[in-house]
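Everything below concerns the one structure shown next.
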Amino acid sequence: MSHRYFEDVSPGYGKAAPRAVLASDAPRLDLNGDWSFRFSPIGLDEPDGFESPDFDDAQWDRLPVPSHWQLHGYGKPAYLNIPYPIPVDPPFVPDENQTGDYRREFDWDGSPAVLRFEGVDSCARVWLNGVELGVTRGSRLPAEFDASEVLVKGRNVLAVRVHQYSSGTYLEDQDTWRISGIFRDVTLLARPADGIRDVFVHADYQADGGGRVRLEVDADGPVEVSIPLLGVEAAPATQTFTFERVRPWSAEDPFLYEAVLSTPSERVRVRFGFRTVEITEAGVLTVNGQRIVLRGVNRHEFDPDRGRVVSPELMRRDVELMKRHNVNAVRTSHYPPHPTFLDLCDELGLWVVLECDLETHGFDQTRPEPWIGNPSGDPRWRAAYLDRVQRTVERDKNHPSIIIWSLGNEAGDGQNLEAMAEWIHERDPSRPVHYEADRLARYVDVYGEMYRTPAAVRRIGQGGLLPGEIFYPLTAGAGDPADDRRNRMPFIYTEFAHAMGNGPGALAEYMRLTDEFPRVQGGFVWEWIDQGLHTTDAQGREFFAYGGDFGEELHDANYICDGLMFPDRTPSPGMLEYQKVIEPVVIEPGSPGHVMIRNRYAFLDLSHLRFTHDQGELQVPRLGPGESVEVPVPALDGWLTVQAELAEATAWAPEGHVVAWGQVPPAVPERSPALSEVRQAARRSGDHLLLGPARFDRRTGTLVGLGDRQLHGPRLALWRAPTDNDRSTGQGDAGYWKARGLDRLLHRTVSVETSDDGLTVVVRSSAANAGCGYLSTYRWDTDGQRVRVSVHTEPVGYWPERTSAFDEEMVDSDLPDEERKELLRRHSAPSLARIGLLWQLPEEASQVEWFGAGPGEAYPDSRQAVRIGHFRATVDELQTPYVRPQDNGTRADVRWAEIGGLRIEGDPVFNLAARRWSDRQLAAARHQSDLVPEPLIYLYTDHAVQGVGSGAVGPGVLPQHRLEVRAADFAFILSATD
Ligand code: IPT
């Protein structure tokens with residue numbers, strides 16, 4: 001079978017050697033804009049003459065460059081995670097392979113130049129003035145073609161044929177939208193004779209505060225360099241410069257210098273920073289001698305309207321948003337981003353793990369044994385792998401923000417990966433190499449893993465990995481941990497805390513480990529942003545689309561919406577939780593009357609912050625990194641909130657931006673609500689029973705009115721509209737709940753009994769054909785003004801245990817035996833989404849006020865971002881618009897709430913949720929636009945709810961945050977407000 005050029009395993013042909021992105025004063029021509037475009041749904045091979053300058057493209061369409069053609073009406077976007085969009089038949093691709101032909105003209109003075117493509121998905125063949133320049137693959141990697149011989153003075157015609165699929169598709173099986181086209185900039189860069197082709201700036205920071213600069217320059221003649229801030233002027237670039245005192249670069253203080261290199265024909269500016277990345281003998285990753293903790297995110301490039309076409313403004317927005325949410329690191333999953341993004345990381349300060357454009361994940365699933373035939377181990381693909389890593393490193397080598405190179409993602413193991421690592425070690429020994437799937441860390445320098453449990457990470461932190469032990473696929477090890485090199489390496493969470501839908505849980509548990517174990521150095525939440533594509537349906541309703549919304553036959557549904565940011569870049573509760581957990585300053589209650597303040601920066605003292613509280617400013621000494629202090633605070637009746645805010649504006653946030661906060665509880669403990677002693681008997685009145693201000697249905701004992709307020713309830717509620725994490729087959733409980741019918745409980749009134757001091761109602765709740773349920777006793781009493789319902793509810797019937805993976809990994813191995821056993825028991829115990837009461841209120845009850853945790857939602861394992869206070873919101877504002885609708889909006893630790901003229905006090909505190917649709921409607925909706933308000937309000941007052949976990953990919957809810965099937969006692973006091 002013959003290969004067509006786009007099926008060749010080679011990296012293409014005709015490309016110039018890769019080099020850095022350089023800011024040169026040589027002329028350049030921006031070739032972005034509207035191009036002529038011709039679409040074909042099949043894989044056209046040899047051109048039909050369109051490459052000729054004389055070809056008439058007047059009948060063609062117009063398409064913007066950069067763009068993806070699927071987002072402009074040609075073909076459709078498709079979302080796939082692990083599966084390949086083509087048969088796994090390497091290196092071939094099916095005939096159903098969309099082809100986009102592009103043409104444009106430009107004027108040039110005929111001087112020598114290179115044509116540069118920053119990114120074309122997936123394969124491009126390029127002609128200039130009818131002459132072929134070459135073929136490139138590697139969608140998110142730059143390609144330059146020397147056009148000097150072909151360029152003419154005056155009109156030039158550029159023709160590009162782009163293929164949706166190519167051999168490169170086998171190396172680009174990343175979990176994202178599969179969309180094609182020239183999606184990054186195209187430029188023509190003049191190359192003056194005796195110009196500067198490439199520069200590699202090596203700028204080390206030295207332990208004594210000094211710095212050293214060495215330049216590797218690729219030029220034909222002598223080159224001079226100036227570094228204005230360091231007094232270097234027109235010095236020969238070949239010399240090594242040493243400086244006694246320099247200001248180092250760090251993500252916290254991203255100070256940049258500029259070197260200007262010149263030859264008589266060209267001047268090039270390169271920004272650089274002094275920084276040294278080292279791994280200590282103890283296996284700790286340091287920068288400039290300090291241990292760093294990566295509080296990061298995995299970032300795909302994403303614009304909800306334009307796909308992977310991201311404008312400079314949007315890139316800046318991403319970096320600003322990261323900085324404002326205390327994120328200090330980014331892994332460029334799973335390819336080099338647009339180069340401007342890295343300029344911004346240098347400028348605003350983020351630690352970067354720069355990943356090569358490589359993933360072959362589908363080989364994991366389609367073979368008799370995982371990974372058989374994987375290109376990573378096949379010598380025929382070696383050149384393609386090396387080409388990819390070279391283009392990655394050469395393009396981005398001058399960015400101080402990049403501290404680690406990553407070979408790629410989920411590409412199995414094999415000699416080609418090893419060769420990539422070897423090439424990097426040779427070319428740039430100043431940065432460690434990362435690759436998660438080098439499971440035993442044979443050729444990498446930092447050890448990375450995905451989606452381990454906190455307990456597993458603790459064991460890694462303790463240096464307890466057994467030689468040969470592998471998590472994925474699970475392989476037992478044996479022998480002495482001292483023999484395993486991974487136990488002496490920095491450990492980073494390549495991916496953790498899968499942020500799909502409502503979640504992730506346990507962020508606090510994960511990040512606490514970075515305080516405890518020096519080698520546990522943080523990592524990257526999966527992922528930065530929900531990649532929902534902004535779409536309008538036939539009825540004109542807007543929504544964010546995910547897999548399946550474009551009629552894909554094969555897709556991975558809403559796994560594309562698993563970010564901390566919603567598609568429109570508003571932060572999800574998960575983002576706010578992470579922001580709080582990773583604050584660079586910890587503010588906690590100290591000894592009585594004091595607040596404890598701890599500096600968690602690696603480099604900065606606290607002098608750039610101002611500390612304030614409700615009563616004024618707080619004087620905090622300029623603590624150095626790692627230092628802490630107790631500061632006295634005024635004694636208050638209520639909660640005192642202390643915050644650290646920027647004393648001056650920075651490049652990424654205005655003055656006053658809150659970087660960290662904490663609360664000190666009131667000096668006098670809060671009191672539980674109680675009825676005054678007056679007791680009253682229940683009376684019958686027609687079909688009703690009356691007790692104080694309350695009116696009940698005589699037959700069912702249901703409360704139907706309070707004073708002149710309407711309400712209906714309570715009903716026992718045990719279920720929630722499953723979250724994405726609940727729905728996980730291995731880790732989530734949604735299947736268990738469904739099998740017990742908890743979403744369709746039926747209720748049988750066992751008895752309604754009046755007495756001198758109130759009313760007792762007993763109800764059994766259970767689903768059709770279910771052998772298990774709950775028996776609840778509601779005891780009502782009143783002081784004449786307010787009514788109290790005291791609830792005892794307990795499980796009845798047979799509740800089987802549940803099974804799950806991760807079992808041993810869910811619980812710390814070094815706990816005392818009893819504690820460990822108890823947690824393991826809770827892990828497999830049957831669980832509930834909630835134990836609570838559901839009420840129905842008239843639709844006018846749309847304003848909610850409460851005292852408790854807020855302003856946002858909170859769950860047992862995601863509740864750091866909320867503070868105790870007095871909050872107000874409409875029912876609509878209480879909803880969190882997860883792209884795929886699911887349980888959301890629970891307000892925790894509520895002492896009292898007022899809604900629709902009712903006041904509800906909890907004993908103990910309770911969880912509150914209110915919405916205009918039932919949980920079943922919420923569960924059935926695919927998009928926000930499917931949710932249709934009903935003419936009533938569903939109000940939940942929950943005694944307890946289950947945590948959220950990260951089960952969609954990763955561990956489910958940790959045992960300590962699960963809500964076991966168990967008996968519960970709790971009470972509410974209801975009254976009408978004035
Ligand atoms: C992991 C992938 O690396 C990442 O790209 C993403 O797909 C994530 O899963 C799920 O959203 S790999 C998986 C086998 C843990």
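Computed over heavy atoms, backbone and side chain alike; hydrogens, waters and symmetry mates excluded. Just so it is clear, the structure is predicted and the values come from calculations on it, not from any experiment. Both counts, for ligands and for their atoms, begin at 1 and track the order of listing.
- Without hydrogens or angle criteria, Arg519 side chain to Gly461 main chain gives a donor-acceptor distance under 3.5 Å.
- The aromatic ring centroids of His927 and Tyr546 lie less than 6.0 Å from each other.
- With sequence neighbours left out, Arg863 forms a salt bridge (Lys or Arg N to Asp or Glu O under 4.0 Å) with Asp893.
- For His555 and Phe550, the ring centers are positioned 6.0 Å apart or more.
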Identify all pairs of nitrogen or oxygen atoms, one from ligand 1 and one from the protein, separated by less than 3.5 Å, and list them with distances.
from     : atom 1 : to     : atom 2 : distance (Å)
ligand 1 : 3 (O)  : Asn409 : OD1    : 3.2
ligand 1 : 3 (O)  : Asn409 : ND2    : 2.8
ligand 1 : 3 (O)  : Glu495 : OE1    : 3.2
ligand 1 : 3 (O)  : Glu495 : OE2    : 2.8
ligand 1 : 5 (O)  : His334 : NE2    : 2.6
ligand 1 : 7 (O)  : Asn81  : OD1    : 3.2
ligand 1 : 7 (O)  : Asp175 : OD2    : 2.4
ligand 1 : 11 (O) : Asp175 : OD2    : 3.4
ligand 1 : 11 (O) : His498 : NE2    : 2.8
ligand 1 : 11 (O) : Trp526 : NE1    : 3.2
ligand 1 : 11 (O) : Asp562 : OD2    : 3.1

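- The salt bridge (charged side-chain N to carboxylate O under 4.0 Å, His left out) contacts involving residues 299-309 comprise Asp121-Arg308, Arg184-Glu301, Arg299-Asp318, Asp303-Arg306, where partners must be two or more places apart or lie in separate chains.
- Residues passing the side chain to side chain donor-acceptor pair (under 3.5 Å) test with Asn409 are Arg331, His334, Glu359, sequence neighbours excluded.
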